[in-house]
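This report refers to the structure that appears directly beneath it.
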Amino acid sequence: MANTDEPSERHMPMAWIAPLSEAVADLVTDGDTIAMEGFTHLIPVAAGHEIIRQRRRDLTLVRMTPDIVYDQLIGAGCARRLVFSWGGNPGVGSLHRFRDAVETGWPVPLEIEEHSHAGMANRYVAGASGLPFAVLRGYVGTDLPAHTTTIKTIACPFTGEELTAVPALNPDVAVIHAQRADRRGNVQMWGITGVQKEAVLAARRSLVTVEEIVDDLDPRPGGVVLPGWAVTYVTEVPSGAHPSYAQGYYERDNAYYRAWDAVSRNRETFTSWVSDMDRRAS
Amino acid sequence: MANTDEPSERHMPMAWIAPLSEAVADLVTDGDTIAMEGFTHLIPVAAGHEIIRQRRRDLTLVRMTPDIVYDQLIGAGCARRLVFSWGGNPGVGSLHRFRDAVETGWPVPLEIEEHSHAGMANRYVAGASGLPFAVLRGYVGTDLPAHTTTIKTIACPFTGEELTAVPALNPDVAVIHAQRADRRGNVQMWGITGVQKEAVLAARRSLVTVEEIVDDLDPRPGGVVLPGWAVTYVTEVPSGAHPSYAQGYYERDNAYYRAWDAVSRNRETFTSWVSDMDRRAS
Amino acid sequence: MTAQPSAEAAAPADYTADEIMTVTASRALRGEMTCFVGIGLPSTAANLARRTHAPDLVLVYESGTLGSKPTRLPLSIGDGVLAETADAVISVPEVFNYWLQPGRIDVGFLGAAQLDRFGNINTTVVGDYRDPKVRLPGAGGAPEIAASCGEVVVVVRQTPRTFVERVDFVTSMGYGTGPGHRERLGLRGRGPVRVITDLGVLEPDPATCELTLTSVHPGVDVERAREATGWRLAVADDLTVTSAPTSSELNVLRALVRTATEEP
Amino acid sequence: MTAQPSAEAAAPADYTADEIMTVTASRALRGEMTCFVGIGLPSTAANLARRTHAPDLVLVYESGTLGSKPTRLPLSIGDGVLAETADAVISVPEVFNYWLQPGRIDVGFLGAAQLDRFGNINTTVVGDYRDPKVRLPGAGGAPEIAASCGEVVVVVRQTPRTFVERVDFVTSMGYGTGPGHRERLGLRGRGPVRVITDLGVLEPDPATCELTLTSVHPGVDVERAREATGWRLAVADDLTVTSAPTSSELNVLRALVRTATEEP
């Protein structure tokens, strides 16, 4: 996850527009560090499913709020390591595949690197800023620093005050979902936009799935635009955030989140869910 | 400029709405550190003139781009110190009052603390974030660190790499101009919004002059909203950014900037400009 | 907490233990406050406060919404209704760095999987960290909410499994090992000033920082609270009985909860 | 620089020294580049490039506009037309931290009040820092533009007062004291690859990093360039003559400059 310092590798005049399977095949390699972000809103679920379908292995998965798409990736055996700050099925309960991997090592043992939201957000900010670390007031008095090696103290060179330092995140690939892009790959999202911009800018390569590709991005209140030259691939995937929501397109499918609890609770029902992926997709 | 760490001092349920003279009288005291921000766009000129009218003295003036309103404050003898990164009359040339104060000490000597834009922007970010310092890749190889004590090096605790640290800015008062506010003091600005949000959040107290106070802030593309509870005073001052511009209200008065060169070039014409302030205002 | 609302108080049979917990929590919020809201019980209580005695309460959610005025109870911390009704929607780094960290938020509302006598909170693991009995969701925003908000209110059901002598993992610091610990570490907020449960209210003893039962809900006796606590629970000399929810509070709360179950 | 544009070249009498400087600078930009633009001559050159051979050139201004496509020449770095025509408008901290600092910008376009043989730039003071003869505007964004852009192009009129043996103050680092200096300091960008003046073009010698005259504009001889330089100017063995501006370049440039003087 070192920064390669090769600007030429990091941008191009515009993003490539390609089908999802092609983009994932080109971007994601076994052993990569992948950050898929989206804070309740605009979670790149379809892209996650494509990674499962392509049977990627040994991934380091990074995400502030691993929820069911990460549960699916972990249960399908794609991950060997998880970097995160809160893992659950929001409003429902536990992630059973995540717990099974952590508690019993099924289907493969899952190493974890655990932070707080503030720490993870700042690690992406440092990554997006080309800095090796970020400074925050965080973790003080908690047991996290005893179990996470990527939390250290740092002294202010002016006041001597001790603060906390966390290293930059520079994933190999960032994957996000947005409402729209234009034909040059300029990406527009609005509503809750979380840490997605930082994740893309921190990563070496990026994939943005969008609800639709349009001729022109008319300005939107609250709209965040990522220029196409800062993005590697853009892919049109309508409903690509389902069962999360895409403001202006569709609501959150709360029933899916509730139903996931039963599907994921035991290994057999989960395994048949994975086997059925291709059938459901067609 | 130390952080007082008194949340109770820093916010209230909503901003106070008051006339400009009252707000300035309540907020600005001799010896204060004042940051007036605005990057070409939305410069709080009327508020600066009110500070001159109220004859404040010994101010430390902070601003990334001191231009003619700071030239006026300096020439009028309000300042004893300037913290900045670029001082000029954009598109015209020098700031003659600034140069006279630095080069000859007229009307009073002006100490300077000089940074780059990147450094100043990050100092505000640290101030807004409640951190004592910020880290950046900056100043390396330049003569600035030899003349500015507020630039130091810091080592990354993970990689050992040396970076640059600058201390937080926490002005006593931040002054900005915005397009609109509502009756609770929620402030809305759009177009180029520079470093204004950070300046207000870094400061102990703040004044926002606005083109108009409206019942409701309908959302705007590119709009930045500062909640009223994060602002001390809001004042309606139509054309309060003149001769700079307010997008959606009026254009930049380029003739004023050009004319300022002659007015400010010698002490006599400048002194009569100051004497005439009250007449022009009425 | 014990202020008597003007409307008529309901009898214990008229409300559930969760309802009096939520109503009591809502009363901890005043209108001129900013409140950092976690999802679940804290969010319900904060939204109830905004619809009853604290209409100007400013709700901040970690998804980046400042001043949300949700028209229905949000189902998640990133619910669309929070963005649509906010004064401002900002990025997640900004909410933590510009708004929480500098101490701009008056009160943080947290839940807990385990809580100890000094108000330390565990939401990480039950058992050993590397070989856990139960892997919980983790920290989320809580460590910095607990450190940086002016004060913290914890809303949690009281059971011996939850109220433990010593948490298995300190996810969010309360008073640490006791008086002076927060100050030595330089934490800016005051820490947990109140723990509101389905049985009563606990507050830190001013001298020892130990959570002490200061109020029981109507119909709850001290013995029941002691049985639901994994440490030897101290009881305040001036123990009071919580004011019962008023019928108007209950009506508003129930209408609010209905909005959450009716999916849009 | 020396690539021959297809349209017919104009004769020296048909354009000014500033015009060939600006046209030559515009040719240093390619369409697939991102360019961090300072106001004045650099902005004119970058906008000219976008209207001639490099329509996809991405212009980034330090006021926070990404991908501006101004319909008229901006008069300042924060001109409204830059925001109105941008792909995205961001804060000033963001433009420096997320876009410039990580090395996302291919080329930085800078001016200079003084420039030395190693391409170091002074825009701070003439004379002693604490007792200056002339107080100049200062650094602005330049130190970090010079450090972080993939490469730097300097556009400046060539005079002995400007082209000095040693700058009075290093505001923006070029090659410092010579080969290896940037690398020792860990600067990421390559530094000034080209200095374009009203007389010709200077490029760093690959071995010594010393700025060397590699091209003279039509009608300019080496002697004149030497007289305008405060150090013993090295001249490339394969010195070329700059391609004259084409009539179409000149037409576009003049129309562009007119848009700036016609106030909106």
Side-chain angles (χ1 to χ4, degrees), chain B residues 37-42 64-66 84-91 93-95 98-99 101-103 112 114-122 124-125 128 136-144 146-147 161-162 190-198 222 224 244-245 247 251-252 254-255 257, chain D residues 39-40 61-65 75-80 82-84 88-97 100-102 120 122-125 129-144 146-148 167-174 176 181-182 185-188 263-264:
Chain B
E37 283 294 347
F39 213 91
T40 308
H41 183 212
L42 294 175
M64 290 180 65
T65 52
F84 77 111
S85 39
W86 190 90
N89 183 344
S94 288
L95 295 178
F98 162 62
R99 283 185 54 179
V102 172
E103 295 170 10
I112 57 172
E114 188 161 3
H115 280 266
S116 69
H117 279 355
M120 286 291 284
N122 277 293
Y124 281 121
V125 168
L136 72 157
R137 297 183 183 279
Y139 305 93
V140 176
T142 79
D143 286 340
L144 284 161
H147 296 281
E161 191 185 357
E162 286 227 327
W190 62 88
I192 289 168
T193 54
V195 75
Q196 284 100 302
K197 179 195 272 195
E198 286 76 13
V224 169
S244 78
Y245 73 104
Q247 196 165 313
E251 299 281 346
R252 192 169 187 265
N254 294 306
Y257 282 84
Chain D
I39 213 65
Y61 285 81
E62 68 189 16
S63 57
T65 67
L75 284 163
S76 75
I77 214 135
D79 198 304
L82 298 174
E84 286 156 14
V89 180
I90 56 179
S91 73
V92 164
E94 185 180 328
V95 75
F96 284 103
N97 289 348
L100 178 63
Q101 183 166 266
N120 302 302
N122 175 15
T123 58
T124 302
V125 285
Y129 183 76
R130 289 289 155 196
D131 184 19
K133 264 187 275 189
V134 185
R135 175 63 230 196
L136 300 164
E144 288 77 22
S148 297
V167 291
D168 291 352
F169 189 101
V170 179
T171 312
S172 306
M173 189 175 173
H181 197 174
R182 288 182 72 88
L185 297 181
L187 300 185
R188 295 175 155 204
E263 287 178 21

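Convention: sequence-line order gives letters A, B, ...; per-chain numbering from 1. Please read these numbers as outputs of a predicted model, since none were measured by experiment.
- The parts of Val134(D) that come within reach of chain B are both its backbone and its side chain, each placing non-hydrogen atoms under 4.5 angstrom from that chain.
- In this structure, the portion of Thr171(D) lying under 4.5 Å from any heavy atom of chain B is its backbone and not its side chain.
- Here Pro137(D) is the residue among Pro137(D), Gly138(D), Gly78(D) with the most heavy-atom pairs under 4.5 Å with chain B.
- Remark: Val140(B) engages Thr164(B), Leu185(D), Leu187(D) in a side-chain contact (heavy atoms from CB on, under 4.5 Å) (not counting sequence neighbours).
- Using a 4.5 Å cut-off between heavy atoms, Ser91(D) touches chain B through backbone and side chain atoms alike.
- When Gly194(B), Ala121(B), Pro90(B) are compared by the number of non-hydrogen pairs under 4.5 Å with chain D, Gly194(B) comes out ahead.
- Closest of all the heavy-atom pairs between Phe39(B) and Val92(D) is CD1-CG2, 3.9 Å.
- The salt bridge (charged side-chain N to carboxylate O under 4.0 Å, His left out) check on Glu94(D) picks up Lys197(A), with sequence neighbours excluded.
- Between chain D and the options His147(B), Glu162(B), His41(B), Glu198(B), the largest number of non-hydrogen pairs under 4.5 Å is found for His147(B).
- Remark: of the listed residues Thr65(B), Thr40(B), Ile192(B), Ile192(B) is the sole one forming a side-chain contact (heavy atoms from CB on, under 4.5 Å) with Ser63(D).
- When heavy atoms are compared at a cutoff of 4.5 Å, Asn122(D) does not approach chain B at all.
- Interface remark: Ile112(B) contributes backbone and side-chain atoms alike to the contact with chain D (heavy atom separation under 4.5 Å).
- Minimum heavy-atom separation, Glu114(B) to Ala139(D): OE2-N, 4.3 Å.
- Looking at Phe98(B), the atoms closer than 4.5 Å to chain D (heavy atoms on both sides) all sit in the side chain, from C-beta outward.
- Taking Lys133(D), Arg135(D), His181(D), Met173(D) one by one and counting their heavy-atom pairs under 4.5 Å with chain B, the maximum is reached by Arg135(D).
- Counting heavy atoms from C-beta outward, Phe169(D) and Thr142(B) have side chains that stay 4.5 Å or more apart.
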**Q.** Check against side chain to side chain contact (heavy atoms under 4.5 Å, CB included), Thr124(D) and Asp143(B)
**A.** CA-CA 10 Å; Thr124(D) 302; Asp143(B) 286 340; over 6 Å; no
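- How far CG of Asn97(D) is from CZ of Arg137(B): 11.5 Å, rounded to the nearest 0.5 Å.
- The distance from atom CD of Glu251(B) to atom CG of Leu75(D), rounded to the nearest 0.5 Å, is 10.5 Å.
- With a 4.5 Å cut-off on non-hydrogen atoms, Arg130(D) touches chain B through its side chain but not through its backbone.
- Of all heavy-atom pairs between Pro132(D) and Glu103(B), the closest is O-CG, 4.1 Å.
- Neither the backbone nor the side chain of Met120(B) has a heavy atom closer than 4.5 Å to any heavy atom of chain D.
- Options Asn122(B), Asn89(B), Leu136(B) differ in how many heavy-atom pairs under 4.5 Å they form with chain D, and the most are formed by Asn122(B).
- Ser116(B) and Pro143(D) make their closest contact through CB-CG, 3.9 Å (heavy atoms, listed as atom of the first residue, atom of the second, distance).
- Residue contact with chain D, scored on non-hydrogen atoms closer than 4.5 Å, involves the side chain of Phe84(B) exclusively.
- Of the possible donor and acceptor atoms, one in the side chain of Glu144(D) sits under 3.5 Å from a partner among the backbone N and O of Tyr139(B).
- For Gln101(D), the parts lying under 4.5 angstrom from a heavy atom of chain B are both the backbone and the side chain.
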